[in-house]
Amino acid sequence: MRQIIGIWVGRGVGASLILIVCLFLSLPLIALLLRVTPELLATYIPNETVQKALWLSITTSIISMAIVILIGTPAAYFHSRSYYPGKSFVDTLIDLPLVLPPAVAGLALLLLFGRTGLLGKYLNVIGIDIAFTTFAVILAQIFVSSPFYIRQAKALFEQLDPSYEETAKTLGSSSLRTFLFIILPLCATGLTSGAIMTFARALGEFGATIMFAGNLPGITQTMPLAIYAAMQGDFDVAITISVLLVAISLAIMLTVKLLTEKWRYNV
Amino acid sequence: MLKIMNKNTCLLILILLAASLIIAGCTGIQGEEKPVETGAQGELIVYTAASLTGVSKDLGSEFESRYPGTKITFNLAGTQTIKNQIQMGAYADVFMSASTRYTNELMGGGYLVNDTVKKFTSNYIVIIVPSGNPGDIQSYTDLTRPGLKIAMGTEEVPVGINTRIVLDKLSASPDTPDGWKDAVFQNVVTYETTEPGVVTKVSLGEVDAGFVYESSFSAAKTGSLELIPIPGEYNALQIYTLGILTDSTNKKTGETFIEFILSDEGQKILKDYGFTSISTT
Amino acid sequence: MFKFAARKELRDFTLDLSLEVADGEIMVLMGGNGAGKTTVLRLTAGLLTPDAGVIETKKRILYHHQSKINCPVQNRNIGYVFQNAAVFPHMSVYDNVAFGLRARRVDSLELADRTDEWMDRLAISNLATVRAGHLSGGQKQRVALARAMATKPDLLMLDEPFTALDQKNQIAVREWISLCVREQKIPCLLVTHNPTDAEAVGDSVCVIDRGCVIEDNSMRGYFDNAT
């Protein structure tokens with residue numbers, strides 16, 4: 001009897017803890033959504049600030065994601081397949097932006113690429129200015145979001161059974177061919193979800209961007225920056241952009257979930 | 001995401017959360033110190049306009065040394081931000097505003113004890129350039145030169161509002177070429193959400209010029225900035241106001257604080273930081 | 001013909017042995033866990049580099065320490081079937097069998113012919129369009145075998161090809177292997193730890209332990225064939 005009570009108490013505690021977690025995570029979003037009416041969205045989605053920020057955020061995040069994939073995939077592959085001095089240091093470096101406050105990242109980028117920065121002062125001489133441009137937005141996004149993809153890619157390549165690529169090689173396949181036709185397809189699901197997480201992080205990037213790229217509508221004012229600026233003026237604009245971001249984030253998380261559950265190969 | 005976080009990370013986050021709750025609890029208890037009936041006592045939470053960042057430290061420490069047992073905690077942000085926070089229910093004892101517009105808004109909403117609201121200082125808009133003046137800006141008319149980079153406040157922050165007033169006045173001047181204002185806006189590379197944000201971007205040399213308050217120039221490290229004044233007739237005087245919040249539980253100390261700010265000592269500190277005294281009516 | 005005489009310093013012991021397998025002959029490499037059986041296959045395939053010695057097939061020298069010859073894995077032309085068969089799960093059976101031919105840029109007509117031929121021989125033609133990840137263990141072994149044989153290798157190597165199979169499939173796979181080796185007249189090196197398999201499929205048996213040959217009746221097989 002006592003045992004049965006114990007089990008039920010245990011279940012009760014477990015259920016209430018889960019409930020607390022769920023409420024804590026969902027109530028703020030519900031509060032946000034309760035402030036929204038279809039009329040509000042209809043009025044403010046066509047708003048110039050909202051449109052510019054939405055367009056800028058999505059294009060820069062896609063470009064950032066593409067650059068991270070193009071450079072990060074082969075880099076992660078070489079990293080996972082080789083042993084070199086300082087490898088664990090590189091591992092830490094790759095993960096660093098995950099724990100680094102974005103404001104620090106923005107300041108650091110400014111001190112590197114800014115007009116008087118370490119590298120920026122030489123770029124300035126040859127007529128290249130990076131700070132306060134859309135390119136600066138992309139650099140900030142890449143800096144903070146790359147670990148989400150590269151970590152995932154590294155783990156996937158390390159976990160992949162080496163017999164597939166070894167077999168491919170014995171069949172006469174070049175390293176490039178093996179990479180493109182064997183390794184990439186076998187890791188495709190995981191790489192895709194990593195890429196989507198990178199996109200999501202880039203989309204939400206705020207701190208590094210406002211430090212390094214400034215806040216200029218249409219050029220560097222992404223959605224999170226527009227929310228922050230609008231908080232000081234038109235509150236309804238802030239709400240509209242926030243709701244758009246929530247919708248995009250939810251769509252992203254659902255896609256990742258579906259991909260990882262349904263798209264798995266029977267290896 | 002979940003895959004990335006291992007057990008240890010989750011555990012760490014839990015511990016940090018727990019720790020922050022405990023710390024938050026402790027500070028709550030500290031707030032209720034034993035009340036002593038003589039004059040000013042205890043902690044005063046002052047929501048302060050970001051352009052007062054420099055001077056607030058000196059005002060706070062001077063007040064604390066004059067009235068032992070008091071402690072001033074400043075919450076510094078753009079005036080519109082601290083106004084929003086108060087409207088959203090943040091607790092504050094004193095509101096120090098760079099904008100009469102936002103002060104009036106709070107008074108209208110019943111957030112301030114209206115007869116405590118006073119003007120306490122003022123500030124002029126100036127143009128600052130990095131030391132060495134890399135953009136070679138001699139006068140406001142040089143700001144339109146193509147390729148220059150300019151920083152200013154957003155149209156919502158007080159400094160941004162006043163910058164736009166100044167720009168309007170200047171462009172109406174007979175000495176100013178046609179299309180001057182539009183050309184200036186063409187050169188703006190960032191609209192900062194706080195006044196110190198503009199100062200930082202200029203002092204780092206990342207932009208060639210910025211519109212800020214004179215007090216920020218005075219507060220900056222000597223030699224890090226150069227000043228280009230804007231003639232008085234075209235300038236916009238930024239009036240600073242302060243007042244006690246209706247919900248304040250320490251109004252007595254708040255009144256003492258306001259008296260101190262308006263006293264000669266308080267005004268002298270403000271003056272040292274480049275603020276302009278005004279007749280307190 | 002296949003000759004192996006190489007030395008490799010391993011963590012627990014030094015592998016140092018000589019083997020010789022004639023065309024059309026299956027040599028079974030036996031030994032306990034960690035005896036170095038798979039290492040011999042990996043050294044031959046070029047996935048590991050020996051410290052000294054010579055490895056060669058009829059057509060080419062794969063490794064020659066003194067002449068500093070070390071043929072890259074891709075050019076060794078060896079059929080190597082891994083213990084788990086390692087069929088590419090994301091490809092169809094057809095694409096698996098054709099993979100080595102595509103990698104070697106065999107022209108499309110011949111590619112289709114040889115792929116069809118080997119799918120036919122190993123009775124997997126009916127599975128041509130099935131994604132290889134969905135196959136059973138026995139089917140995977142046959143796909144892996146067909147994939148290796150389609151490239152016309154100079155040597156066939158099989159690592160524990162029977163472990164994942166049931167009785168019926170074991171017998172079938174044994175027959176497929178014998179068929180491939182006899183018809184194509186290539187040497188075959190087969191690793192197993194099971195004496196029954198060894199006896200059933202091998203023309204000769206070589207037992208190794210800690211990297212050294214402890215029992216070898218391969219020479220008899222070799223001479224039988226030669227005379």
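It should be emphasised that the depicted structure is a prediction, and the values quoted were computed from it without experimental measurement. Convention: sequence-line order gives letters A, B, ...; per-chain numbering from 1.
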Relative to chain A, which segment of [X] carries a heavy atom at a distance below 4.5 Å: side chain, backbone, both, or neither?
{"X": "Leu47(C)", "value": "side chain"}
{"X": "Val81(C)", "value": "neither"}
{"X": "Asn84(C)", "value": "side chain"}

Open item on the list: Would you say Gln74(C) and Ser173(A) are linked by a side-chain donor-acceptor pair, where the criterion is simply a distance under 3.5 Å?
Closed with: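 On atom types as modelled, these side chains do not qualify, holding no pair under 3.5 Å.
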
TODO: For Phe135(A), look at atom CZ and say whether over 12 heavy atoms of other residues, nucleotides or ligands are found less than 6.0 Å away.
DONE: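 Open: at most 12 neighbouring heavy atoms sit under 6.0 Å from CZ of Phe135(A).
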
Task: Plane angle bin for Tyr77(A) and Phe157(A) - parallel if under 30°, tilted between 30 and 60°, otherwise perpendicular - done: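 It falls in the perpendicular class, over 60°.
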
Task: Aromatic plane relationship, Tyr84(A) with His79(A) - under 30° parallel, 30 to 60° tilted, over 60° perpendicular - done: perpendicular

Open item on the list: Using a 3.5 Å distance criterion without hydrogens, assess whether the side chain of His134(C) forms a donor-acceptor pair with backbone atoms of Pro89(C).
Closed with: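 Not confirmed, His134(C) side chain does not pair with Pro89(C) backbone.
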
Open item on the list: Under a 4.5 Å cutoff for heavy-atom pairs, which residue among Ser175(A), Ser174(A), Ala168(A), Gly172(A) has the most contacts with chain C?
Closed with: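 That would be Gly172(A).
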
Task: Residue among Arg42(C), Gln83(C), Arg76(C) with most heavy-atom pairs under 4.5 Å to chain A - done: Arg42(C)

- [ ] Check each atom of Thr178(A) against the heavy atoms of chain C and say whether the ones under 4.5 Å are side chain, backbone, both or neither.
- [x]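 Nothing of Thr178(A), per the 4.5 Å heavy-atom cut-off to chain C.
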
